[in-house]
There are 2 protein chains.
Amino acid sequence: MSTRETIIEQADYLIRDKGYNAFSYYDLSKAIGIKNASIHYHFPSKSDLGIAVVQKHLQGLAELRQEKKDLSPLEQLEAFFSIYTKAQSNQKICLVGALATDFHTIEENVQTHLKVLADQVLNWVTEILVLGQQQGVFHFSIEPRTKAMLIISNMLAIVQLIRLTQIEDFERVKAAIIFELTNPQ
Amino acid sequence: MSTRETIIEQADYLIRDKGYNAFSYYDLSKAIGIKNASIHYHFPSKSDLGIAVVQKHLQGLAELRQEKKDLSPLEQLEAFFSIYTKAQSNQKICLVGALATDFHTIEENVQTHLKVLADQVLNWVTEILVLGQQQGVFHFSIEPRTKAMLIISNMLAIVQLIRLTQIEDFERVKAAIIFELTNPQ
DNA sequence: GTCTATATTCCGATAGAC
DNA sequence: GTCTATCGGAATATAGAC
């Protein structure tokens with residue numbers, strides 16, 4: 001992995017662990033083993049790095065979506081959940097939530113990229129829900145886009161909340177979403 | 001309002017606007033009109049201030065709960081939602097979410113108080129849901145505590161997400177939660 | 001591309017006068 | 001209880017050698 005990619009990966013980790021404003025170039029230099037100034041060579045400003053991290057997630061999302069596109073709606077939804085399962089296993093939160101709470105402190109170009117990421121996530125989950133509804137495997141009576149917001153909200157928030165409650169709540173919530181979605185009650 | 005109370009209120013505002021690590025004693029001094037050092041007289045360390053803000057929310061929650069305890073389950077749930085409606089109207093997020101994302105950077109005594117707040121919220125919403133279920137006005141098939149986590153997650157995350165999507169999503173989500181909860185499908 | 005060294009700014013916190 | 005003044009440290013960022 002190139003130095004540039006290593007920096008992005010570590011920055012991603014730190015943003016989702018401590019928050020955008022709490023991590024520093026010094027944190028990165030410690031973690032990677034190169035000096036502060038070397039990181040500025042790759043990413044002159046912190047915003048440049050923030051954008052790169054968001055873009056990495058955009059790319060990862062597109063790849064995951066492409067990779068799973070022929071699977072069943074339920075399997076695709078579980079693929080979406082896997083993003084959060086992976087985060088939760090490392091005590092990390094999701095990038096969208098991490099940067100949303102710091103939204104009023106990040107530069108406008110980072111904000112813009114973040115909005116695109118949120119939009120892409122919303123589009124994907126909405127698409128999965130519509131497909132599942134058409135196939136009769138998902139049951140819900142509200143607008144698909146709103147249902148997608150509810151499910152995304154559940155995942156985004158639960159990875160934050162399990163820092164305060166119990167780690168087991170993550171699996172409980174995931175199972176409950178699938179139960180309610182797949183059972184006509 | 002006493003200077004102490006003014007400081008707490010402004011700190012509350014700033015934490016939920018910019019995040020715990022992004023606001024400074026200087027921000028407070030500008031907003032209130034007293035000097036940096038004067039704030040340290042009331043709150044020697046930033047942790048002292050953080051704890052005071054959490055405790056203000058704990059007290060506010062207890063008062064709201066007491067005030068609404070004889071109302072119907074639906075009205076009590078709407079009272080819970082009103083916390084987020086108020087936040088959303090000022091582009092603020094909820095305190096629990098704001099401090100959860102910064103959780104790994106705040107001092108242990110702030111963490112402890114925050115956990116108590118999250119626990120109190122969870123207890124209240126669970127209680128409302130059980131009552132509604134007993135009265136036959138709420139319909140859900142999962143554990144009440146898990147259902148409470150789902151609903152709290154929805155509200156906690158939506159106030160973060162509307163910074164990235166559309167402000168109208170807040171009302172949509174709120175209406176959808178009530179619709180799904182009150183309709184047997 | 002990485003380094004040393006440093007400029008600059010800002011932050012949390014304290015001493016001491018009033 | 002609020003002020004001026006300042007300390008010590010940390011952050012983002014840059015200059016210039018290698």
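Keep in mind the model is a prediction, meaning the values are calculated, not measured. Just the heavy atoms: all of them, side chains too, but no hydrogens, waters or symmetry mates, feed the values below. Just so we're on the same page: letters track the sequence lines, and every chain starts at 1.
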Q: Let's see if you get this right: which residues in residues 48-57 of chain B place a heavy atom under 4.0 Å from DNA chain C?
A: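 Residues of residues 48-57 of chain B that come under 4.0 Å of DNA chain C do not exist, since none gets that close.
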Q: When you check the gap from the basic side-chain N to the acidic O, do B:Lys147 and A:Glu180 get nearer than 4.0 Å?
A: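 Salt bridge between B:Lys147 and A:Glu180, a charged N being under 4.0 Å from a carboxylate O: yes.
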Q: Between A:Leu99 and A:Leu114, which heavy-atom pair has the shortest distance, and what is it?
A: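 Scanning both residues, the minimum pair turns out to be CB-CD2, 3.5 Å.
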Q: Should the heavy atoms of other residues, nucleotides or ligands under 6.0 Å from CD of A:Glu9 be counted, would the total exceed 12?
A: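 It does not: A:Glu9 CD has 12 such atoms or fewer within range.
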Q: Does atom CD (A:Glu143) have a neighbourhood of more than 12 heavy atoms from anything else shown, all under 6.0 Å?
A: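 Open: at most 12 neighbouring heavy atoms sit under 6.0 Å from CD of A:Glu143.
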Q: Nucleotide by nucleotide, 5' to 3', does protein get under 4.0 Å of the base (B), only the sugar-phosphate (S), or neither (-) in nucleotides 3-17 of chain C, counting heavy atoms?
A: BB------SSBBB--
Q: Could you state the CD1-C1' distance from A:Ile7 to C:dG1, rounded to the nearest angstrom?
A: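 Atom CD1 in A:Ile7 sits about 10 Å away from atom C1' in C:dG1.
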Q: As a quick check of understanding, evaluate side-chain contact (heavy atoms from CB on, under 4.5 Å) for A:Tyr84 and A:Lys174, giving each step before the final call.
A: CA-CA 10 Å; A:Tyr84 299 86; A:Lys174 213 169 61 173; over 6 Å; no
Q: Once rounded to the nearest 0.5 Å, what's the spacing between atom OH of A:Tyr25 and atom CD1 of A:Ile32?
A: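 Spacing of OH (A:Tyr25) from CD1 (A:Ile32) equals 10.5 Å.
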Q: Testing A:Lys68, A:Arg65, A:Arg145 for salt bridge (Lys or Arg N to Asp or Glu O under 4.0 Å) with A:Glu127, which one passes?
A: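 The salt bridge (Lys or Arg N to Asp or Glu O under 4.0 Å) with A:Glu127 is passed solely by A:Arg65 among A:Lys68, A:Arg65, A:Arg145.
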Q: In chain order, what residues pass the salt bridge (charged side-chain N to carboxylate O under 4.0 Å, His left out) check against A:Asp12, with sequence neighbours excluded?
A: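 Expected list: A:Arg16, A:Lys56.
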